[in-house]
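This report concerns only the one structure given below.
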Amino acid sequence: MNILVIGSGGREHSLCWKLAQSPKASKIFCAPGNPGTAQVAENVNIASEDILGLRDFAKHNKIDLTVVGPEAPLVEGIVDEFESNGLPIFGPDKKAALIEGSKIFSKNLMKKYNIPTADFMTFTDEEEAHKFIKKIGAPLVVKADGLAAGKGVIVCLTEDEAKRAVNRILREKEFGDAGNEIIIEECLTGEEVSILCFTDGKTIIPMASAQDHKRVNDNDTGPNTGGMGAYSPAPIATDDLLQQVHRNILMPTITGMEAEGHPYKGILYVGLMLTKDGPKVLEYNARFGDPETQCILPRLKSDLLDVMEKVVSRKLDTVRLDWDLRPAVCVVLAAGGYPGNYKKGIEITGLENARELDDVIVFHAGTAEKEGKIVTAGGRVLGVVGLGDTIRHAIDRSYLAVKLIDFKDMHYRKDIGRRALKHGK
Ligand code: AMP
Ligand code: GLY
């Protein structure tokens, strides 16, 4: 089969890497890809938002399955465009991708179908929002309705911070039209866990659990990022908890989407807060998580291509996933300044040495090739994955490889996976 993977991050490198292991995959393309995807696929210079360009490429190159990494093309309707041209594609269509594309849509879905989530109100008017903040008091969370590249959620510890967040989104239009409407919601406390599922709209098969590390600095301090690392499985996600999530969250989400006329297929990612009143949904994503995918896919023994085909043909009920029981840890190496401004084009050393280690995989994210050298080209530059018999071994493996890699002003968290140790595994 000819496969096209869309995107250029660490997630897409891990998708290409895993798909390349399928005996059914004859040729894999990645658009636009990065030097890591180029190790296992052929990069194609088409941007991930260029839906018509991607459609034409898929047609001319007889692509049998297209896999979409990032959310923006899904929300823009890439699946609808491909399907109306008879091109098989893995992911939700435009209506279904609203589950990520509009936080208000997803909050209303949860309310209607009794899916546990933080209490909330929506606003378009600043004055009204300010009055509400005064009434309920801090802490609280202010969210832009639409896509904001992972930056549209502001956790506010004081009323002043909350008012400022409202102004940034509604008046200053920091996130453009994505902030025409906002949500103000209750601040939940607990540990977070990500559950990524395959679904064909009827059957839901969760993958191994994972935990992301969103804050930039150790001990969960500093601003939020796209994710500074992850580990899988999350020991806090016990079988009991997962059954509860299946019954009270995943099933009602899928049946609710169908009932609302937005039938869902592809990856359904639920970000959960494990509160003392049980798991509550923080957000849905319509795609694989980044960096969760980098530590989940190396643990998946089943043929990913086969599973994806079953999702597309709506035969997921015939699938069972097999997992490597060994935990995996992914440490993200970021450019100096990230998540703020950072420089690009800095040479990276040590990649070859790190690649030679057993039970280590180095996934590229923001990298580029320049005059035969690999240089930085983004905020999150690399994801270094280690596997081990215990989470402790996986952590050690990953940091052993991290020590071999260097670029000027590189920074990373030193505590990835430490929370899992607390749970005694
Ligand atoms: P989201 O983009 O919706 O996942 O939000 C990003 C991060 O903001 C989440 O992973 C949480 O750490 C935090 N967050 C979102 N909503 C809430 C909430 N209601 N209470 C506490 N933290 C939240
Ligand atoms: N790691 C969080 C996300 O992919 O949205």
Side-chain angles (χ1 to χ4, degrees), residues 7 9-12 14-15 68-72 74-75 97 99-107 110 115-121 136 138-157 161-162 165 169 175 178-179 182-196 207 209-216 220-232 234 267-277 279-297 330 332 334 339 363 365 379-380 383 413 416 419:
R11 166 183 51 207
E12 287 76 19
S14 67
L15 284 165
V68 189
E71 60 278 17
L74 292 169
V75 170
I99 206 164
E100 176 167 2
S102 166
K103 290 194 194 297
I104 295 180
F105 172 86
S106 76
K107 291 298 282 192
M110 290 187 263
I115 298 165
T117 187
D119 286 340
F120 72 101
M121 290 281 283
I136 64 162
L140 44 78
V141 185
V142 180
K143 301 185 173 184
D145 174 44
L147 291 187
K151 296 190 184 115
V153 173
I154 307 170
V155 179
C156 307
L157 299 179
E161 271 181 66
I169 304 177
F175 308 113
I182 58 167
I183 296 172
I184 301 184
E185 70 177 33
E186 165 199 13
C187 189
L188 301 175
T189 52
E191 212 171 298
E192 285 184 47
V193 82
S194 308
I195 309 288
L196 283 70
M207 286 178 247
S209 58
Q211 202 168 85
D212 190 3
H213 297 60
K214 288 204 163 71
R215 304 297 194 95
V216 70
D220 296 322
T221 55
N224 266 340
T225 68
M228 292 298 289
Y231 60 85
S232 170
I267 297 294
L268 179 69
Y269 165 136
V270 279
L272 301 173
M273 185 73 92
L274 307 181
T275 73
K276 62 175 177 16
D277 302 321
K280 295 191 178 183
V281 178
L282 291 171
E283 63 159 348
Y284 292 108
N285 291 323
R287 44 147 182 104
F288 283 97
D290 188 334
E292 290 94 328
T293 308
Q294 290 89 307
C295 60
I296 291 176
L297 291 184
C330 173
V332 169
F363 289 122
R380 292 190 293 171
R413 277 182 60 162
I416 304 297
R419 228 180 289 128

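All residue numbers refer to positions in the sequence shown, counting from 1. What's counted below: heavy atoms across the whole structure, side chains too, no hydrogens, waters or symmetry copies. In listed order, ligands and their atoms are each counted from 1.
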I want to check something: taking the side chain as every heavy atom from C-beta on, are E292 and M207 in contact at a cut-off of under 4.5 Å? no
Taking only heavy atoms of V153 into account, list the atoms of ligand 1 that are under 4.0 Å away from them. 1 (P), 2 (O), 3 (O), 5 (O), 8 (O), 15 (C)
Looking only at heavy atoms, what is the nearest atom pair of F105 and D145, with distance? N-OD1, 4.5 Å
Within-4.5 Å side-chain heavy-atom neighbours: F363 and T293: no
Y269 heavy atoms, cut-off 4.0 Å: which ligand 2 atoms fall inside? 1 (N), 2 (C), 3 (C)
Protein residue, atom and distance nearest to atom 3 (O) of ligand 1, heavy-atom basis: E283 CB, 3.3 Å
Less than 4.5 Å apart, side chain to side chain, heavy atoms only: is that true for H213 and Y231? yes
What pair of heavy atoms forms the shortest contact from V332 to G227, and how long is it? CG2-O, 3.7 Å
Kindly give the heavy-atom pair with the smallest separation between Y269 and G289, and that separation in Å. CE1-CA, 3.5 Å
Within the 4.0 Å heavy-atom cut-off, what E292 brings close to ligand 2 is side chain
For atom 20 (N) of ligand 1, which protein heavy atom lies nearest, and how many Å away is it? L188 N, 2.8 Å
Counting from 1, what ligand 1 atoms have a heavy atom of E186 closer than 4.0 Å? 18 (C), 19 (N), 20 (N)
Can you tell me which portion of V141 lies within the under-4.0 Å heavy-atom range of ligand 1? Options are side chain, backbone, both, or neither. side chain
Are G289 and ligand 2 in contact, using a heavy-atom cut-off of under 4.0 Å? yes
Ranked by distance from atom 17 (C) of ligand 1, the top protein heavy atom is L282 CD2, 3.3 Å
Tell me: protein heavy atom nearest atom 22 (N) of ligand 1, and distance? M273 CE, 4.0 Å
Atom 12 (O) of ligand 1: of R215, E192, K214, the nearest heavy atom sits on E192
Spatial distance of atom CD (E191) from atom CD (Q211) [nearest 0.5 Å]: 4.5 Å
Quick check: does any side chain N or O of T225 sit under 3.5 Å from a backbone N or O of K214, one acting as donor and the other as acceptor? yes
May I ask whether G271 places a heavy atom under 4.0 Å from ligand 1? no
Side-chain contact, heavy-atom cut-off 4.5 Å: I169 with I154? yes
Polar proximity ligand 1 side, A118 side, N/O cut 3.5 Å exclusive: no
Atom 15 (C) of ligand 1: which of E185, K143, K280 has the nearest heavy atom? K143
Any N/O of K214 closer than 3.5 Å to an N/O of ligand 2? no
re atom 5 (O) of ligand 2, the protein heavy-atom contact at minimum distance is R287 NH2, 3.0 Å
To the nearest 0.5 Å, what is the distance between CD (E283) and CD1 (I99)? 11.0 Å
Heavy atom of the protein closest to atom 13 (C) of ligand 1 (residue, atom name, distance): V155 CG2, 4.0 Å
Say whether D290, considering both its backbone and side-chain N or O atoms, lies within less than 3.5 Å of an N or O atom on ligand 2. yes
Can you find a heavy atom in the side chain of L74 that is under 4.5 Å from one in the side chain of R287? yes
Check each atom of ligand 1 against the heavy atoms of K103 and keep those under 4.0 Å away; list them by number with element. 2 (O), 3 (O)
Looking at ligand 2, does any of its N/O atoms fall within less than 3.5 Å of an N/O of D212? yes
Contact check, G226 vs ligand 2, heavy-atom distance below 4.0 Å: yes
If you take all heavy atoms of D212 and P291, which pair is closest and at what distance? OD1-CD, 3.5 Å
Could you pull out the closest heavy-atom pair between A138 and L157, with the gap in Å? CB-O, 3.3 Å
